[in-house]
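Chain letters run A, B, ... following the sequence lines, proteins first, then strands; residues in each count from 1.
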2 protein chains.
Amino acid sequence: MAKIDIIQLARVLNLSKSTVSRAFRDSSDINPKTKERILKVAKELNYQPNHYASNLREQKSKTIAIVIPELANNYFTQIIQGAEKEAKKQGYHILIFVTDDDISKERDFIRSLASGRVDGVIMSASGESTDHSYLERINYEHLPIVLFDRIYDDIHLPKVVTDDYQSSFAATEHLIQNGCQRIAYLVINKELSIGKTRMQGYEDALKKYKIPLRKRLIIDCSNSYEENSGIIEEAIRKQQPDGILASVERLAFSTYYVCRRMGIQIPETLKVIAFSSLEIAGLMHPPLSVVRQPAVQIGEKAAATLLKQLAGDSLSEEERFITMQSDLVIRESSKAKA
Amino acid sequence: MAKIDIIQLARVLNLSKSTVSRAFRDSSDINPKTKERILKVAKELNYQPNHYASNLREQKSKTIAIVIPELANNYFTQIIQGAEKEAKKQGYHILIFVTDDDISKERDFIRSLASGRVDGVIMSASGESTDHSYLERINYEHLPIVLFDRIYDDIHLPKVVTDDYQSSFAATEHLIQNGCQRIAYLVINKELSIGKTRMQGYEDALKKYKIPLRKRLIIDCSNSYEENSGIIEEAIRKQQPDGILASVERLAFSTYYVCRRMGIQIPETLKVIAFSSLEIAGLMHPPLSVVRQPAVQIGEKAAATLLKQLAGDSLSEEERFITMQSDLVIRESSKAKA
DNA sequence: TTGTAAGCGTTATCAT
DNA sequence: ATGATAACGCTTACAA
């Protein structure tokens, strides 16, 4: 089946290409009968308007980009799910960009996207909150951006976040109330807005219960599974924590594996709770207590916010800063035995 | 920062747009100094070539589509990971299309993609192997397609699959060797190539051990978590299986939840094994035995195969039909107690 | 209601 | 080595 363009189609129909074009757009005045005839023949000949030509002409692509640090992460894939669902509803498509936690890739992506490749962007930041000045140079009229999860605090862009401070505080408090005194905080990057906020909740909860904050209990982890196993094992050995708050799902998994290897009982010896949106956390051994982030909904919300801007609507102040609620789901991994 | 096009950039530089254009493409002859100067100013002015204009002109987009039935599925998100990684290596981007298991959406996607929106497609089929005649009408010279996972047997397209028959046979055999006599096969759609192949392995393993095949033990499930819970619970109650082979990860999760609710012990009363690529299957309770599909690698392979075609290389017969090996990973959930 | 023609921002061909 | 120009396929004033 040869590819056919609008001119050939017009020729077959004995019409001008403008008339044919009109048949495919909604409004323009066109004789209903002509339209019907065009659509029919178009279907027979399997004509498809060329997306790039339309985009070039119309200066929009009905496509949005999702820029995320990584894909091998349950949280981000759920974000994509939510965003895709919302985008599809409104006839948009999703283009994925993975920065591998590299701010220079983030910058390059955004720069190149500014050329009109997509109509808008939703993004979870890769960099630390200091080095994103590039964002100030881009024109948000041309390329609306919505930040989620890992945001840049000082950039006045619409944002969708979760109530990380409260959740973190509540999770820490829960550990304390279940008898923990030496709670370790596992974090990947303290400088990221999100690592910071969660740490603040942790620190403030300790303070409330007059538990001294020990720097040694704040454990810097990496993105490598192997490294983390070593780091966590050493931390457990040396610091002897009785509780762990994992700021990222994957650090809890590593903790489980390490404990299994070391023969440490969860929750008897060590209680564990983690930020996570894994559906089957309850099927783990022991069932993992989590701060459950509504990842899919965050993706939906971020996309909806972007799409609203693309529709030309302006956002209210509330809509420019949306906070989603996480649930504290307590399971075996963090409970004191009766 | 205003968007700037090649003409404006040329004007600033006192050059023609052709010269400027040449600076951005590799080969064309251009004075190295001029090129340098152009690139420098372009950077200052933050010029980005318009993707759509280039695509329209060049008739290619450096973008590939991934068409999958669903996103809320660990397997497919791992596929995306692999494909994204491979694509990125070669400067390609990923556009995602989710069919929600609806063959008519699949058809519409492929049709619309044929207009040149992407340079190629990798796809896991949504439909049953009968109703895909639409695929015969598309021109694979214009739109190369690589199938993976759920394929259409009779269409002569490059395919990447796993050794499902062998895996399924081996998994069933393993259950039998661990004492199971009434093994249930949980499947979502028997008509799909993949459900069929896996069922064949199951049946043949039974045959080998002279265990009668009971139709009642082949359990048709749906895509809804609620429905499946009911279906599985009823099946367990009525059929009293002592082993379960779940052809899809999520059916194993449902089984776990159902067993927990019914107070059935895994593996004592019921042994479970599932097709799955979940990394933390070993952290479940009990640790889940799996046929581990190399999902990320399948994604890589499918993308690599497509990209090879896009590079203009022709594929050998072996390359047109790639079979990846799954591992049988035996854990507690399927082991006979000593 | 339909047709004509200009233009979207590139790249490639052909001159210079 | 550089410049002028046509072409990629479509949409949209504007004219008929």
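- Residues A/I110 and A/V121 come closest through the heavy atom pair CD1-CG1, 4.1 Å.
- Atom CZ in B/R11 sits roughly 13 Å away from atom C1' in C/dG9 (whole-Å rounding).
- Residue contacts shown for B/Q48 are limited to sugar-phosphate atoms, with no base heavy atom under 4.0 Å away.
- In this structure, A/R37 atom CZ and C/dT1 atom C1' are separated by 13 Å, rounded to whole Å.
- Taking atom NZ on B/K62 and atom P on C/dT10, their separation rounds to 18 Å, with Å as the unit.
- Taking atom CD1 of A/I7 as the reference point, atom P of D/dA7 lies 11 Å away to the nearest angstrom.
- At the heavy-atom level, A/F24 lies nowhere under 4.0 Å from the strands shown.
- Nearest-nucleotide mapping onto DNA chain C: of A/K17 and A/V20, the residue sitting toward the 5' end is A/V20.
- Residues B/L307 and B/I64 are in side-chain contact: their nearest non-hydrogen atoms beyond the backbone lie under 4.5 Å apart.
- When rounded to the nearest whole Å, the span between CG of B/N55 and C1' of C/dC8 equals 14 Å.
- Taking every side-chain heavy atom of A/D5 into account, D/dC10 is the closest of D/dT2, D/dC10, C/dG9.
- For the pair A/S54 and D/dT11, the criterion of a side-chain N or O lying under 4.0 Å from OP1 or OP2 is met.
- Side-chain N/O atoms of B/R57 and base N/O atoms of D/dA7 include a donor-acceptor pair closer than 3.5 Å.
- Shown for residues 109-121 of chain A: no residue has heavy atoms falling under 4.0 angstrom of DNA chain D.
- Nearest to the side chain of A/I6, among C/dG9, D/dC10, C/dT2, sits D/dC10.
- One interatomic measurement links the two molecules: NZ of A/K3 to C1' of D/dG9, which rounds to 10 Å at whole-angstrom precision.
- Ranking C/dG9, C/dG3, C/dT2 by closeness to the B/L56 side chain, first place goes to C/dG9.
- Using a 4.0 Å cut-off between a side-chain N of Lys or Arg and a carboxylate O of Asp or Glu, A/K40 and A/E36 do not qualify as a salt bridge.
- Comparing B/S18 and B/E58 against DNA chain D, the residue whose closest nucleotide sits nearer the 5' end is B/S18.
- Considering B/R111, B/R107, B/E106 in turn, B/E106 is the only one that fulfils the side chain to side chain donor-acceptor pair (under 3.5 Å) rule with B/Y134.
- Closest to the side chain of A/L15, from the set C/dT2, D/dG3, C/dT10, is C/dT2.
- A sub-4.0 Å separation between OP1 or OP2 of D/dG9 and a side-chain N or O of B/Q59 is present.
- Here the side chain of B/I30 is nearest to one of C/dG3, D/dT2, D/dG9, namely D/dT2.
- Contact of the B/M324 side chain with the B/F148 side chain is not registered, since no non-hydrogen atoms from C-beta on lie closer than 4.5 Å.
- Between B/T19 and D/dA1 there is no side-chain N or O to OP1 or OP2 distance below 4.0 Å.
- Picking from C/dT13, C/dG3, C/dT10 the nucleotide with the shortest atom distance to the side chain of B/R22 gives C/dT13.
- Below 30°, between 30° and 60°, or above 60°: for A/Y52 and B/H51 the angle between ring planes is above 60°, a perpendicular geometry.
- Proximity of B/E319 to B/T305: side-chain heavy atoms (C-beta onward) are nowhere separated by under 4.5 Å.
- Summarising the geometry, the separation between CZ on B/R25 and P on D/dT2 is reported as 17 Å, rounded to the nearest angstrom.
- Between C/dT10 and B/Y47, a contact under 4.0 Å exists linking OP1 or OP2 to a side-chain N or O.
- Between B/F76 and B/V98 there is no side-chain heavy-atom pair separated by less than 4.5 Å.
- Rounded to whole angstrom, the span from the CG atom of A/D29 across to the C1' atom of D/dA16 amounts to 14 Å.
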